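Below is one structure, written out as structure tokens; the observations come after it.
Since the structure is predicted, the reported quantities are computational estimates derived from the model, not experimental observations.
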There are 2 protein chains.
Amino acid sequence: MAKRNVKSNVDMRETLLQLAARSFVTQGYTATTMRSLADQAGIEAASIYYHFSSKEELVEVVVAHGGDSIVLHIQEHLDALPPNASAETRFKAAVLGQMSALIKFGDYALAHGRLLAQLPDKAREGQVKRHEQNQRLWTQLLEGLRTEGMLRPDVDIALCRVFLLGCINSVQGWFNPRKGSLDQVAKQICGMFFEGVKPAAKARKVSRRAEAAASS
Amino acid sequence: MAKRNVKSNVDMRETLLQLAARSFVTQGYTATTMRSLADQAGIEAASIYYHFSSKEELVEVVVAHGGDSIVLHIQEHLDALPPNASAETRFKAAVLGQMSALIKFGDYALAHGRLLAQLPDKAREGQVKRHEQNQRLWTQLLEGLRTEGMLRPDVDIALCRVFLLGCINSVQGWFNPRKGSLDQVAKQICGMFFEGVKPAAKARKVSRRAEAAASS
DNA sequence: GTCTATAGATTGATAGAC
DNA sequence: GTCTATCAATCTATAGAC
């Protein structure tokens, strides 16, 4: 039994990153002060500069970590599929991948999505590329669907993308793992996306369990 | 030909509100300084305090204006319908209403959506109610659809709402009025929402003009 | 690795002249 | 209504002791 500090400093750098991610996301970049982060970590503001050279470096690391996590996590889900998987299968895997990345990497993932506009100029440029990379991945997945005849000719791919990402990214705000699985929510989203919400000519009965996963 | 200032001060209060809305949305609340607003308006920072008692009052007015505009604008669209309009008709009118509110009130509308979390505590409480009012309106519209049998029993209303609002709210970011009308985009969104993106058993040909309205 | 002390810049806001 | 001048508070960041 060694030390027992406020945060039982196993790794102060990691602690600071997590606190920073949460604060940047909830309070914003400028509103987050080095002092408040230090307070929460149980150290003095000046001590942060032993771990990070500046506030700018701190936010860069947070946002980069978030962006990388999402892209890599989706890629993992895609790589796990057989090479001849259909566009629809790949699409569904990506939906689940992006959702679970949001849950798993929480504030980091949100930081990447919400913080870009607030970043200092230098830091922003590098991150924008990461963001565009994610957008391109989704555009490709949607184009794959179109090639395989899974998209009506009149639906716009760019519109689909914002439609989907807006929905998926909101998951982090309301998902409650005790009430249902991510898998069920992902299925509901894909169902809504492909089939719409209108009943088919012949009404059908489906499990309502996925419904319980949304709290609000 | 009276005065001709930097902003030709017809109404400095209005000018300040518009600049503040834009800056709050793009830079965030804390990052927006009274000095930068004054610079853009062509006056000194101290002069702002003749029009507003504090930075806090300034952001309150901006966010309130945005929230009211959206709710009232949708309500206008709904009130223009005949009293016996179907839930589907009301729903489509609300989609167009929220979209055109976003375009018409631009930064004010975005401020209401994006700034809530950054507001000082006192200002936030009042605004949260306005936000919930908007959410309730959409929930009611969706419940109306369900009552009239336009929603499959397995689709979750809360999920529908985030799905829709995420999509609609993104409109402000990419809509280009020279490439198409809001009406066309609204139709596409409603089509996607009700019918999904999957081709029907029997493929059909539809106009692609709406596709051109999205730029990115 | 963390502390105390403090420099240097910027912020929201006030007082009073015009 | 807008200005000049200024205050008190707070911020990022550095220097150097321990």
Parallel, tilted or perpendicular for A:F105 and A:H65, by the 30°/60° rule?
perpendicular
note: A:K55, atom NZ; D:dA13, atom P; distance rounded to Å ~ 8 Å
Report the distance from atom OH of A:Y50 to atom P of D:dA17, rounded to the nearest whole Å.
18 Å
For B:L58 and C:dA13, what is the distance between atoms CG and C1' respectively, to the nearest whole Å?
14 Å
Quick check: on DNA chain C, is the nucleotide nearest A:A46 upstream (toward 5') of the one nearest B:T32, or the reverse? Name the residue that is more 5'.
A:A46
Any side-chain N or O of A:S47 below 4.0 angstrom from OP1/OP2 of C:dC3?
yes
B:K55 charged N/C atom sitting above B:Y29 aromatic ring, 6.0 Å / 45°
yes
Without decimals, in angstroms, what is the distance between B:M34 CE and D:dA8 P?
20 Å
Could you tell me whether the side chains of A:S23 and A:T32 share a donor-acceptor contact shorter than 3.5 Å?
yes
Can you see if the side chain of A:Y49 gets near the phosphate of D:dA13 - specifically, an N or O under 4.0 Å from OP1 or OP2?
yes
Do any side-chain nitrogens or oxygens of A:R35 fall under 4.0 Å of OP1 or OP2 in D:dC11?
yes
Verify the distance criterion only: is there a donor paired with an acceptor across the side chains of A:R130 and A:Q127 at less than 3.5 Å?
yes
Whole angstrom value for the distance that separates C1' of D:dT2 from CG of B:L37
16 Å
Please report the interatomic distance CZ(B:F175) to CG(B:L102), rounded to the nearest 0.5 Å.
11.5 Å
Using whole Å, what does the distance between atom C1' of nucleotide C:dT11 and atom CD of B:Q27 come to?
16 Å
Is B:T30 touching bases, backbone alone, or none of the nucleic acid, heavy atoms closer than 4.0 Å?
nothing
Could you say whether A:S54 or B:E44 is positioned toward the 5' end of DNA chain D, judged by the nucleotide with the nearest heavy atom to each?
B:E44
Please report the distance, rounded to the nearest Å, between CD in B:E57 and P in C:dG12.
15 Å
Calculate the interatomic distance between A:H51 atom NE2 and D:dA13 atom C1'; express it in whole Å.
16 Å
